[in-house]
Q: 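Can you read through this structure? Questions will come right after.
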Amino acid sequence: MELVNLLTSSVITPLQPLQHELFKQHQIEVWIKRDDLNHPVIQGNKWHKLKHNLQYAKQHGKDTLITFGGAYSNHIAATAAAGKAFGFKTLGFIRGDELANSRSNWSPTLREAEANGMQFRFISRSAYRQKTSIAFEQPLQAEFPNSLILPEGGTNQRALIGFETVITQLQRQCPDWTHLYTAVGTGGTLAGLAKMSHDHLASQRDIIGIATLKNAHYLKAQMTELVGFNDDPSNHPIRWQLRTQYHGGGYAKTTEACIADQLWFERHFGILLDPIYTNKMVHGFLEELRQQKIPPKSKVILYHSGGLQGRPEGVDREGKIKTG
Ligand SMILES: *Cc1c(COP(=O)(O)O)cnc(C)c1O
């Protein structure tokens, strides 16, 4: 198969039923879509967001991928791995200039990205906020004329198309699903799932994003722009919603309740969650179930977006995030 086709071909990941008394009591059915198993190196939603961008870069003869992220960004790790696998140089702009001279404080993510050949530029938090400005991008394009610049989290219109395979696979695996829960960072995954549902499905669905960052309300406007319609439920059979109350203190922070739900889930179903995103997705889903927000007869899909590559070193046995 040609490389460009290889980039967008997808394995069919399992849709696993989750059986539990709690779900019976609420008269709902629950499945987990195992997209943590979709690609050996570039796992989960990051692969979906990258694949059409990689194809575009190949077709347009680009030799370098440039992107942005924090020291624990799964997108940074994924871009570095993709560069190595598909023959691109990679450059990562990392938030936090204090990291430039303190290699010993580098996260496992940064070390792994470096091992995959990524070059870094560490920039201050204020410079990082300017990364999408013309004043930042123009000199960068001039310095690397043959590069593709990917935004933070890899979220752009090409990224959204990557979720088409998820929706079409679900169409075969459980055509009458009613609810889908996914974790939200930059919102690209939620936007992609909502937009591809809109393009492929006719009947009503609720696609619910659990924000993992604090004060994520600002994402709603960006989401509306990406998806092409807003979250007004009267508008459209495909209803997307952003829940902003389950962040547990913010990015990479957590609460006792969230840890308890994660451990409960992992023990009962034998499926690992990551400590930043899918743990909060599961916690948010369980909270909504306990609050009777999911009607009887619902068929709920939990979207496992991956993120497990950071887990062995990144968390302790309680599922808490190790810092430093
Ligand atoms: C990056 C990431 C997310 C967030 O995806 P966005 O498209 O940025 O919202 C969710 N889950 C996992 C496992 C991730 O690595």
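We count ligands from 1, going down the list as the structure has it; atoms in each ligand are counted the same way.
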Q: For residues Gln241 and Lys220, is any side-chain donor paired with an opposing acceptor at under 3.5 Å?
A: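 There is no such pair (donor and acceptor under 3.5 Å, judged by atom type) between the side chains of Gln241 and Lys220.
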Q: So is His75 in contact with ligand 1, going by heavy-atom distances below 4.0 Å?
A: no
Q: Counting only heavy atoms closer than 4.0 Å, does ligand 1 sit against the backbone of Asn45, its side chain, both, or neither?
A: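 It is the side chain that gets close, since no backbone atom is under 4.0 Å.
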Q: Inspect the contact between Arg125 and Glu98 and indicate whether a charged nitrogen and a carboxylate oxygen are less than 4.0 angstrom apart.
A: yes
Q: Which atoms of ligand 1 sit under 4.0 Å from any heavy atom of Gly307?
A: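 With Gly307 as reference, the close atoms of ligand 1 come out as 13 (C).
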Q: Could you establish whether Gly44 and ligand 1 come within less than 4.0 Å of each other, counting only heavy atoms on the residue side?
A: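 Judged by the 4.0 Å heavy-atom criterion, Gly44 does not count as contacting ligand 1.
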Q: Please list, in number order, the atoms of ligand 1 under 4.0 Å from a heavy atom of Gly188.
A: 6 (P), 7 (O), 9 (O)
Q: Decide whether Phe144 and Phe136 are clustered together by the hydrophobic rule: side chain heavy atoms of Ile, Leu, Val, Met, Phe, Trp, Tyr closer than 4.5 Å, transitively.
A: yes
Q: Run the contact test for Gly153 against ligand 1 with a 4.0 Å cut-off on heavy atoms, strictly below, and give the result.
A: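 No, Gly153 has no heavy atoms under 4.0 Å from ligand 1.
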Q: Against heavy atoms of Gly306, which atoms of ligand 1 measure under 4.0 Å?
A: 13 (C)
Q: Could you check Ser197 against Trp177 for side-chain contact (heavy atoms from CB on, under 4.5 Å), going step by step and ending with a plain yes or no?
A: CA-CA 11 Å; Ser197 295; Trp177 63 270; 4.1 Å; yes
Q: Any idea which part of Asn74 is under 4.0 Å from ligand 1, heavy-atom wise: side chain, backbone, both or neither?
A: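 Side chain only.
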Q: Counting each atom of ligand 1 from 1 as listed, which ones have a heavy atom of Val184 under 4.0 Å away?
A: 9 (O)
